[in-house]
> 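Before I ask anything, here is the structure I am working with.
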Protein chains: 2
Amino acid sequence: MSNSKLYKGSLNTIILKLLDEQGKMYGYEITQKVKLLTKGELKITEGALYPALHKLEAEGLLDVEVAKVDNRLRKYYKLTEQGEKETVNRLAELEEFIRSMQNLVNPDWSIN
Amino acid sequence: MSNSKLYKGSLNTIILKLLDEQGKMYGYEITQKVKLLTKGELKITEGALYPALHKLEAEGLLDVEVAKVDNRLRKYYKLTEQGEKETVNRLAELEEFIRSMQNLVNPDWSIN
DNA sequence: CAAATATACCTAAAAATCTTATGCATAAGA
DNA sequence: TCTTATGCATAAGATTTTTAGGTATATTTG
C-alpha cells in the first residue's frame with residue numbers, strides 16, 4: 001500500500017517478534033497475521049518475506065521444520081536460542097525508534 | 001547508529017514535518033535538530049539528506065533561498081503551498097504506520 | 001599559532017531493502 | 001471449469017540509505 005515503503009528495515013524485527021509470541025509460524029501465515037493485526041495497513045510481500053526468512057535462518061536466528069498439511073508443503077520457523085536473545089535487543093531498538101518518531105511527528109502523542 | 005536503518009522511507013516525511021513547524025531550515029540545521037529531538041537516536045546522514053532535499057525541491061514541495069552567514073553558504077528550504085498539502089497527507093500516513101507498528105510490537109502500549 | 005573540530009554544501013559507488021513479476025503446485029469455492 | 005486461496009521460491013528492477021570521498025570557512029583547543 002501507500003505506507004508500505006515506510007516499514008523498510010523493520011521487517012526482520014516484525015518476523016522475530018511474531019515468532020517470539022507465536023512459537024512457530026510458516027511464511028504464508030506470517031503475511032496473513034500481519035495483514036490482520038494491522039487491519040490491512042501493512043502487507044508483507046512474499047518477495048520480501050521469503051528472502052528475509054532465509055537470511056535469518058542463515059544467521060542462526062531461526063530453525064526450520066518442514067511439514068506437510070493437506071498435501072501441501074509448510075515450512076515452520078521458530079527462534080533459536082540466539083534468535084531469542086536477538087529478538088529482545090531488536091525489539092528494544094524498534095521501540096526506541098518508534099518513540100523517537102512519535103516525538104518527531106507528534107510530541108503531544110505521549111500525553112494521550 | 002544501529003537504529004538508523006529502521007527509518008528508511010520516513011526521511012522525506014521527517015523533513016517536511018520539521019519545515020512545517022519551523023518555517024524554514026537549512027540542511028545542516030536539520031541534521032542537528034533531528035539529533036537533538038531524538039537524543040542522538042536518529043542521525044540523518046548528509047549523503048541521504050541533500051539528495052532528499054533536492055528531490056523534494058524538484059517535485060515542487062520545497063522552495064530554496066540562498067543566504068550567506070559569516071561568509072558561509074546556507075540554503076534555506078521552506079514548504080511550497082503544494083508542500084504544505086503533501087505534508088498533511090504524509091504525516092497522516094506516518095502516524096498510521098507508527099500506530100500499526102506499536103500494535104505489532106507492543107499491543108499494550110496504547111494503554112500507557 | 002597549529003591542529004582539530006564545527007559548520008556548510010555536494011556527489012558517486014556500494015549496500016540494503018523492498019516491489020513487481022514470474023514460476024510451480026495443490027485445494028477450495030463460485 | 002475457472003478463479004481464488006494456500007504455499008513455496010527466485011530474479012530483475014526500483015528506492016533509499018550508508019559509506020566515502022570532495023571543497024571551503026569559522027571556531028575552539030592544546
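Residue numbering restarts at 1 for every chain, and letters A, B, ... go by the order of the sequence lines. Everything numeric in this text was worked out from a predicted model, so none of it was measured.
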> Sort me out a list of protein N/O and nucleotides 25-28 of chain D N/O pairs below 3.5 Å, or just none if empty.
from   : atom 1 : to      : atom 2 : distance (Å)
D/dT25 : O3'    : B/Asn71 : ND2    : 3.3
D/dT25 : O2     : B/Arg72 : NH1    : 3.4
D/dA26 : OP1    : B/Asp70 : O      : 3.2
D/dA26 : OP1    : B/Asn71 : ND2    : 3.4
D/dA26 : O4'    : B/Arg72 : NH1    : 3.2

> Between B/Leu49 (CG) and D/dT18 (C1'), how many Å, whole number?
14 Å
> Is the phosphate of D/dT18, meaning OP1 or OP2, less than 4.0 Å from a side-chain N or O of B/Thr45?
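Yes, because at least one side-chain N or O of B/Thr45 sits under 4.0 Å from OP1 or OP2 of D/dT18.
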> May I ask which nucleotide in the shown strands pairs with D/dC2, Watson-Crick or G-U wobble, both distances under 3.5 Å?
C/dG29
> Could you tell me the separation between the CG atom of A/Asn12 and the P atom of C/dT17, rounded to a whole number of Å?
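These atoms are roughly 7 Å apart.
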> Would you say A/Lys55 reaches C/dA16's phosphate, i.e. side-chain N/O to OP1/OP2 under 4.0 Å?
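The answer is no; no side-chain N or O of A/Lys55 sits under 4.0 Å from OP1 or OP2.
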> Distance-only criterion, 3.5 Å: show the donor-acceptor pairs between side-chain atoms of residues 46-58 of chain B and protein atoms not counting sequence neighbours.
from    : atom 1 : to      : atom 2 : distance (Å)
B/His54 : ND1    : B/Tyr50 : O      : 3.3

> OG1/B/Thr31 to CG/B/Leu42 distance, rounded to the nearest 0.5 angstrom?
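Between B/Thr31 OG1 and B/Leu42 CG, I get 12.0 Å after rounding to 0.5 Å.
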> Provide, to the nearest angstrom, the distance between the NZ atom belonging to A/Lys43 and the P atom belonging to C/dT19.
12 Å
> With the side chain counted from C-beta on, respond yes when A/Leu62 and A/Leu79 share a heavy-atom pair under 4.5 Å apart, and no when they do not.
yes
> Could you tell me how far apart B/Leu56 (CG) and D/dT15 (P) are, to the nearest whole angstrom?
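Computing the B/Leu56:CG to D/dT15:P distance gives 14 Å.
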> I'd like to know whether CD of B/Glu81 has more than 12 heavy-atom contacts from other residues, nucleotides or ligands below 6.0 angstrom.
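Result for CD/B/Glu81: open.
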> Distance-only, no hydrogens or angles: does the A/Thr38 side chain make a donor-acceptor pair with backbone N or O of B/Ser100 under 3.5 Å?
no
> Write down the distance between CD (B/Glu57) and C1' (C/dC9), rounded to a whole number of angstrom.
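To the nearest whole Å, that distance equals 14 Å.
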> In B/S/- notation, 5' to 3', how is nucleotides 8-13 of chain D contacted by protein heavy atoms closer than 4.0 Å?
BBB---
> Could you measure the distance from the CD1 atom of A/Ile15 to the CG atom of A/Asp20? Nearest 0.5 Å is fine.
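So the CD1 of A/Ile15 and the CG of A/Asp20 are separated by 13.5 Å.
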> Rounded to whole angstrom units, what separation is found between the CG atom of A/Leu36 and the P atom of D/dA5?
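Result: 15 Å.
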> Closest heavy-atom contact between B/Tyr77 and B/Val64?
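Minimum heavy-atom separation between B/Tyr77 and B/Val64: CE2-CG2, 3.5 Å.
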> Considering only heavy atoms from C-beta outward, does the side chain of A/Met101 approach that of B/Ile14 to under 4.5 Å?
yes
> In this structure, how many angstroms lie between the P atom of C/dT5 and the CD atom of B/Gln32, rounded?
16 Å
> Please round to the nearest 0.5 Å and tell me the distance separating atom NZ of A/Lys33 and atom CE of A/Met25.
6.0 Å
> Would you kindly give the CG-to-P distance between A/Leu11 and D/dT16, to the nearest whole Å?
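These atoms are roughly 17 Å apart.
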